[in-house]
Asks: 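Just passing along the structure, written as structure tokens.
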2 protein chains.
Amino acid sequence: MSEPQPLILVVDDELPIRRFLRATLQDDYRTVEAGTGAEALSLARQYNPDAVLLDLGLPDLDGLEVVSKLRTWTAAPIVVVSARGREADKIAALDGGADDYLTKPFGAGELLARLRVALRHAARLPDAQEVFEFGDIRIDLLFRNVTRAGEPVHLTPHEYKLLVTLVQHAGKVVTHNLLLKQVWGPGASGQTHYLRVYMAQLRAKLEVDSARPRFLITEPGVGYRLRT
Amino acid sequence: MSEPQPLILVVDDELPIRRFLRATLQDDYRTVEAGTGAEALSLARQYNPDAVLLDLGLPDLDGLEVVSKLRTWTAAPIVVVSARGREADKIAALDGGADDYLTKPFGAGELLARLRVALRHAARLPDAQEVFEFGDIRIDLLFRNVTRAGEPVHLTPHEYKLLVTLVQHAGKVVTHNLLLKQVWGPGASGQTHYLRVYMAQLRAKLEVDSARPRFLITEPGVGYRLRT
DNA sequence: CCCGATCCTGACGCCTTCTTGAGGACTTGA
DNA sequence: TCAAGTCCTCAAGAAGGCGTCAGGATCGGG
């Protein structure tokens, strides 16, 4: 059985360019096309593409916003295509979560090669798990849902990010600095007090006895760990 | 335990460019430099860098050959930097195993951003399992877990660092000064009493008979050794 | 503009960990 | 046998990390 062709979400508001991209990709990939940022986000949810080809110049949303919105729930590679060639634009996009940045005009061959690189990277990743369960806790990364014994648990943004970071390293010790960087961004290094406060809140919401946690384990002097 | 700066192998035969790259990288990374392909391969083996920055125009080997040779044994990201901007060159390099391709001239900011992308990808790859076992003791460096006969053993930060240092030189004698430097940092030189106290604690937690240690061996006047 | 949710910050007590010291055992060589 | 150096053990006080709580600042939606 041959593998199905990867699915690429193509996002561009100009029809001629979409046509060019479609023609370029059609031999090796299946494509889905969106003309606006909102449409892109909706189709991405719907089709869960293997990669996204994204033009930054969209009529409704800023391209960077699309990138960061996508990044909240998917690790699929995003290749940005843009007429803007300024270095600051490239840096913003790449640091914002894009995996590559191509400046128009570019050759079809280079686009395909860079797309192959992106898909190569994605293929090496372990399948991104979307649902985690431990005890009576259930975490759905796709829908940003957390339930305990079936009951929905409301988490604030920081609490949720903290939990996700722990979940993504399930079983391993996650150092204070890594947690701080993931949740509060770089520059929060050393503010371990944040972690104490938010871990306490997470425990209050998820643990039976927050004084004797079963899952959210403290590793003194090092960090925290999610026991599976 | 703070995370060390990533190590970048910089390969370019022109000294001024190497200097430029070094200056660009020096705030965020440690660098190793090579001027030829052969040197690059040898240094890569020796240092196992987190990423490689490679100029294709080398005096001895073809740049593509360096890429494919590296790819036979390492998955570290390779960012190609080249004066050749022809599309065919880019395609060949990217399909040959490079992860990105920058055409000179390029901005320092873009280089750094693309390097961050490359390292971000590498960080998501599954880590190599690092487990050491001797007797009924099992040490998992990745999970920071220590078990004895299957039962988890709780170690304080200093105890754990001390054990890790010994494990990393398993079988060999580790001098007092090296242990002190690794665990207590520079400036603790001469405080061998620390070692006595902490070795005693380790033995109490890991050995059957701490008076007759099977693994944590004293080398009088020199240091300690982990017998395997 | 107001209100609620969320985030930051500080204070406090508890507990673990680290440091330091003292005493005794062992080894080695004179 | 003695002396000197090195090592082990035990314990107590100091230091620092952690959990908890609550007040006030800040943010965002209505």
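Just so it is clear: chains get the letters A, B, ... in the order the sequence lines come, proteins before strands, and each one is counted from 1. Note that this is a predicted model, so its numbers are computed, not measured.
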Asks: Name the closest nucleotide to the V197(B) side chain, picking from dT19(C), dT17(C), dG10(C).
Replies: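 Given the options dT19(C), dT17(C), dG10(C), the side chain of V197(B) is closest to dT19(C).
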Asks: Tell me whether the OP1 or OP2 atom of dC8(D) has a side-chain N or O from T218(B) closer than 4.0 Å.
Replies: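 True: T218(B) side-chain N/O within range (under 4.0 Å) of dC8(D) OP1/OP2.
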Asks: Compute whether any side-chain donor of one residue and acceptor of the other, for H121(A) and D99(B), lie under 3.5 angstrom apart.
Replies: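 Side chains of H121(A) and D99(B): pair found under 3.5 Å.
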Asks: Are any of R196(B)'s side-chain N or O atoms less than 4.0 Å away from OP1 or OP2 of dC7(D)?
Replies: yes
Asks: Assess the side chains of R203(B) and T218(B): does a donor N or O sit below 3.5 Å from an acceptor N or O?
Replies: yes
Asks: Can you measure L195(B) atom CG to dC7(D) atom P for me and round it to whole angstrom units?
Replies: 9 Å
Asks: Taking OP1 and OP2 of dC7(C), is either one under 4.0 Å from a side-chain nitrogen or oxygen of W184(A)?
Replies: no
Asks: Whole Å only: how far is the CE atom of M199(B) from the C1' atom of dT19(C)?
Replies: 18 Å
Asks: Between atom OH in Y198(A) and atom P in dG19(D), what is the gap in whole Å?
Replies: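 Nearest whole value for this atom pair: 16 Å.
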Asks: At less than 4.0 Å, is any side-chain N or O atom of S210(B) found next to OP1 or OP2 of dC8(D)? Yes or no.
Replies: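 For dC8(D), OP1/OP2 do not have a side-chain N/O of S210(B) under 4.0 Å.
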Asks: Using every non-hydrogen atom in the two residues, find where R148(B) and V208(B) come nearest and quote the distance to one decimal.
Replies: NH2-CA, 3.8 Å
Asks: Using a cut-off of strictly less than 4.0 Å, decide whether T192(B) has a side-chain nitrogen or oxygen near OP1 or OP2 of dT6(D).
Replies: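 Indeed not, no polar side-chain atom of T192(B) lies that close.
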Asks: Under 4.0 Å from OP1 or OP2 of dT6(D): is there any side-chain N or O of H176(B) that close?
Replies: no
Asks: Is the distance from OP1 or OP2 of dC8(D) to the nearest side-chain N or O of Y224(B) less than 4.0 Å?
Replies: yes
Asks: How close or far is atom P of dT20(D) from atom NE2 of H193(A), stated in whole angstroms?
Replies: 12 Å
Asks: If you assign each of R203(A) and A200(B) to its closest nucleotide in DNA chain D, which residue comes earlier from the 5' end?
Replies: A200(B)
Asks: Tell me: OH of Y194(A) to P of dG17(D), nearest whole Å?
Replies: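 In whole Å, dG17(D) P and Y194(A) OH are 17 Å from each other.
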Asks: In whole Å, what is the span from the NE2 atom of H154(A) to the C1' atom of dG4(C)?
Replies: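 Distance check: H154(A) NE2 to dG4(C) C1' gives 11 Å.
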Asks: Between R116(B) and D28(B), is the closest basic N to carboxylate O distance under 4.0 Å?
Replies: no
Asks: Is any NZ, NE, NH1 or NH2 atom of the basic residue among E110(A) and R114(A) found under 4.0 Å from an Asp or Glu carboxylate oxygen of the other?
Replies: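 Looking at R114(A) together with E110(A), the answer is yes, because their closest N to O distance falls below 4.0 Å.
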Asks: How long is the line joining NE2 of H158(A) and C1' of dG28(D), in whole Å?
Replies: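 Those two atoms, NE2 and C1', are 14 Å apart.
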Asks: Can you check the Q201(A) CD to dA22(D) C1' distance for me, whole Å?
Replies: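 Rounded to the whole Å, the gap is 12 Å.
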